[in-house]
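Here is the structure we will look at.
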Amino acid sequence: MIIREALAKDAEKMIEYLKIVGGETENLTFGETGLPVTVEQEEKFLENVHDDKTSVHLIACKNGEIIGDGGLTGLPRRMCHRAELGISVRKNYWNCGIGSKIMEELIEYAKENGIDVS
């Protein structure tokens with residue numbers, strides 16, 4: 001398994017991944033239909049995240065398949081030292097430490113980019 005930043009080229013796989021995890025849990029804001037976005041919209045989202053120093057979107061991949069993701073979305077203006085956080089992992093990989101590893105990488109990113117981790 002590798003954890004790396006999600007790029008625009010990952011948009012199609014991200015959309016499919018979100019449909020899968022959306023159907024595996026009731027703990028996300030979306031269901032098995034995923035998010036109502038096109039590949040082009042997801043590409044633009046990932047490009048914007050990549051260009052924002054207070055935001056990052058990571059994916060965990062195994063054998064070319066996305067099995068987990070996590071992201072920080074920086075808040076604007078007076079709250080720019082804060083970020084929203086989200087993590088998901090495919091059900092087949094729950095309790096394998098993948099979410100914890102993604103969290104560690106997000107915390108490290110936050111520390112390196114001026115986001116308060118307290």
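Not measured: the values here are computed from a predicted model.
- A continuous path of hydrophobic side-chain contacts links Leu46 to Val37 [ILVMFWY only; heavy atoms under 4.5 Å].
- Summarising the local packing, CD of Glu84 is surrounded by 12 or fewer heavy atoms from other residues, nucleotides or ligands at distances under 6.0 Å.
- For Glu42, there are no salt bridge (Lys or Arg N to Asp or Glu O under 4.0 Å) partners at least two apart in sequence or on another chain.
- Within 6.0 Å of the CD atom in Glu12, the count of heavy atoms belonging to other residues, nucleotides or ligands does not exceed 12.
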* Asked: Can you check side-chain contact (heavy atoms from CB on, under 4.5 Å) on Phe45 and His57, steps first, answer last?
  -> CA-CA 10 Å; Phe45 168 77; His57 196 106; 4.1 Å; yes

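- Among all heavy-atom pairs drawn from Tyr17 and Gly68, the shortest one is OH-CA, 3.3 Å.
- The CD atom of Glu43 sits 12.0 Å away from the CG atom of Asn48 when rounded to the nearest 0.5 Å.
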From CA spacing to verdict: salt bridge (charged side-chain N to carboxylate O under 4.0 Å, His left out), Lys13, Asp69 | CA-CA 12 Å; Lys13 284 187 176 185; Asp69 82 319; over 6 Å; no

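- Of the N and O atoms on the side chains of His50 and Glu5, at least one donor lies less than 3.5 Å from an acceptor on the other residue.
- Phe30 and Leu35 get closest at one heavy-atom pair: CD2-CD2, 3.5 Å.
- With sequence neighbours left out, Asp116 forms a salt bridge (Lys or Arg N to Asp or Glu O under 4.0 Å) with Arg82.
- The salt bridge (Lys or Arg N to Asp or Glu O under 4.0 Å) test applied to Glu32 returns no partner, not counting sequence neighbours.
- Inter-residue side-chain proximity for Asp10 and Arg4 is flagged as met; some heavy-atom pair is nearer than 4.5 Å.
- Checked against salt bridge (Lys or Arg N to Asp or Glu O under 4.0 Å), Glu16 has the following partners two or more places apart in sequence or in another chain: Lys19.
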Under the criterion side-chain contact (heavy atoms from CB on, under 4.5 Å), I'd like the reasoning laid out for Ile67 against Met1: C-alpha separation, chi angles, the key distance, then a yes or no.
CA-CA 9 Å; Ile67 60 170; Met1 177 194 72; 4.2 Å; yes

Only pairs under 3.5 Å count here: list side-chain donor-acceptor contacts from residues 90-108, not counting sequence neighbours, and write none if there are none.
from	atom 1	to	atom 2	distance (Å)
Arg90	NH1	Glu65	OE2	2.5
Trp94	NE1	Val89	O	2.8

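- Leu7 and Ile15 fall into different hydrophobic clusters, where Ile, Leu, Val, Met, Phe, Trp and Tyr residues are linked whenever their side-chain heavy atoms come under 4.5 Å apart, directly or through other members.
- Judged purely by atom type and a 3.5 angstrom limit, Glu112 has no side-chain atom pairing as donor or acceptor with the backbone of Tyr109.
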message: side-chain contact (heavy atoms from CB on, under 4.5 Å), that's the test. Do Thr54 and Asn113 meet it? Break it down for me.
response: CA-CA 6 Å; Thr54 62; Asn113 290 281; 5.8 Å; no

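- With a 4.5 Å cut-off on side-chain heavy atoms, Leu72 and Ser55 do not count as touching.
- Follow the hydrophobic side-chain contacts under 4.5 Å out from Leu58 and you never reach Met14; the two are in separate clusters.
- Grouped by direct or indirect side-chain proximity (heavy atoms under 4.5 Å, Ile/Leu/Val/Met/Phe/Trp/Tyr only), Ile2 sits alone.
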